[in-house]
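Just follow the structure's listing: the first ligand is 1, and inside any ligand the first atom is 1. Counting from 1, the numbers follow the sequence of the chain as shown.
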Amino acid sequence: MTRDTLRIAVTGVTGRMGKNLVLSVREAGYALVGGTSRAESPIADVRIVGDLSELISDVDAVIDFTHVSTVVRHAEIVSEARVAWVLGTTGLSAADQAAVEVASERTAVVQAANFSPGVTLVERLARQMGAALPAETYDVEIVEMHHRQKVDAPSGTALSIGAAVAAGRGFMLDAVREPAREGHCGARSTGGIGFAALRGGQIVGEHTALFTSAREQIGLTHRAFDRRVFSDGAVMAAAWAAKQAAGLYSMEHVLGLI
Ligand code: NAD
């Protein structure tokens, strides 16, 4: 497949991410076949349809930054058509995630809570730090800040970084996640991984993993300045996924790290 022939649909094409994806797809030289949207306002030169099924027979890859309510439907459509699916939507329930995994048995799916190369490396480093810095000595807290419109908390990226630390320590995140703190909530647990979500203004996305012992603190910080870092990464993932066998992949696969 050459650069010119890759045909892409963008779901949620009128959204904050969707608009950046239009720019990223076109700058990469790929064909933007169209997109879906719930919004009234059109985007110049983009074909907008009501449902992904109207575009699926004309595309090689779907890039999906939409709303969690669309995940199960989109999973059915991409798996039926065996079209590569780059899924960036966050806030999935266990049932949504199960639908993604079923789809990945029939087609290539790249799923990431964050498509920036920098965050992909932060997650890898977080896993190494989790393995190297003992849970009995180093308390881990993940602090994130996003724009005031964000609807889910903690962010999908914060949860991924927490899951990476937990994996480094040999646990699933759910087994060591600290409950949200409010009021007289008691002391933190040893080995727990805590989260704090801040919201305000138009911040694109900031994440810090803090490893704090009685004697030192190490902070691992990523700041996204521009959504293009996510949309360029998602387009790279689409080009990669269109050539892969069925399976569930991450940005670490796309970047050749695993
Ligand atoms: P947004 O609200 O600006 O845009 C959402 C888009 O989806 C709009 O075009 C809207 O019309 C469309 N939409 C919503 N519900 C729909 C429905 N039921 N059917 C069809 N279209 C529908 O949101 P955003 O900031 O662009 O974020 C979208 C998603 O991507 C969120 O889940 C967000 O957390 C996630 N996100 C992921 C990354 C990443 O790198 N993985 C980065 C940024 C945002």
Is a donor on one side and an acceptor on the other found under 3.5 Å between the side chain of [X] and the backbone of [Y]?
| X | Y | value |
| --- | --- | --- |
| T107 | V83 | yes |
| S104 | E101 | yes |
| R106 | S79 | yes |
| D60 | R7 | yes |
| E178 | S189 | yes |
| R177 | G194 | no |

For [atom], what's the nearest protein heavy atom and its distance?
| atom | answer |
| --- | --- |
| atom 37 (C) of ligand 1 | G88 O, 3.1 Å |
| atom 6 (C) of ligand 1 | G12 CA, 3.5 Å |
| atom 26 (O) of ligand 1 | M17 N, 2.9 Å |
| atom 4 (O) of ligand 1 | G15 CA, 3.2 Å |
| atom 3 (O) of ligand 1 | R16 N, 2.8 Å |

Is there a nitrogen or oxygen of [X] sitting under 3.5 Å from a nitrogen or oxygen of ligand 1?
| X | result |
| --- | --- |
| F115 | yes |
| F65 | no |
| R38 | yes |
| H67 | no |
| F230 | no |

What are the atoms of ligand 1, with element, lying closer than 4.0 Å to any heavy atom of [X]?
| X | value |
| --- | --- |
| T14 | 8 (C), 9 (O), 11 (O) |
| S37 | 9 (O), 11 (O), 21 (N) |
| T89 | 32 (O) |
| A39 | 11 (O) |
| S69 | 18 (N) |

> A112: heavy atom below 4.0 Å from ligand 1, yes or no?
Replying inline: yes

> Does even one non-hydrogen atom of K150 get within less than 4.0 Å of ligand 1?
Replying inline: yes

> If you count the non-hydrogen atoms of other residues, nucleotides and ligands that lie under 6.0 Å from CZ in R223, is the total more than 12?
Replying inline: no

>> For E80, I'd like to know if atom CD has over 12 heavy atoms of other residues, nucleotides or ligands within 6.0 Å.
In response: no

>> Apply ring-ring contact (aromatic ring centres under 6.0 Å, His included) to residues H74 and H67 and explain how you reach the verdict.
In response: CA-CA 11 Å; H74 290 175; H67 184 269; over 10 Å; no

> Nearest heavy atom to atom 18 (N) of ligand 1: which of D152, V71, T70, V119 does it belong to?
Replying inline: T70

> Where the closest heavy atom to atom 29 (C) of ligand 1 is concerned, which of N20, T66, T90 has it?
Replying inline: T66

> Between Q217 and T212, does any side-chain donor sit less than 3.5 Å from a side-chain acceptor?
Replying inline: yes

>> Applying side chain to side chain donor-acceptor pair (under 3.5 Å) to T157 and N114, what does each step give before you reach the verdict?
In response: CA-CA 6 Å; T157 301; N114 195 307; 3.2 Å; yes

>> Tell me whether M251 shares a hydrophobic cluster with L121, the cluster being built from Ile, Leu, Val, Met, Phe, Trp, Tyr side chains joined at under 4.5 Å.
In response: yes

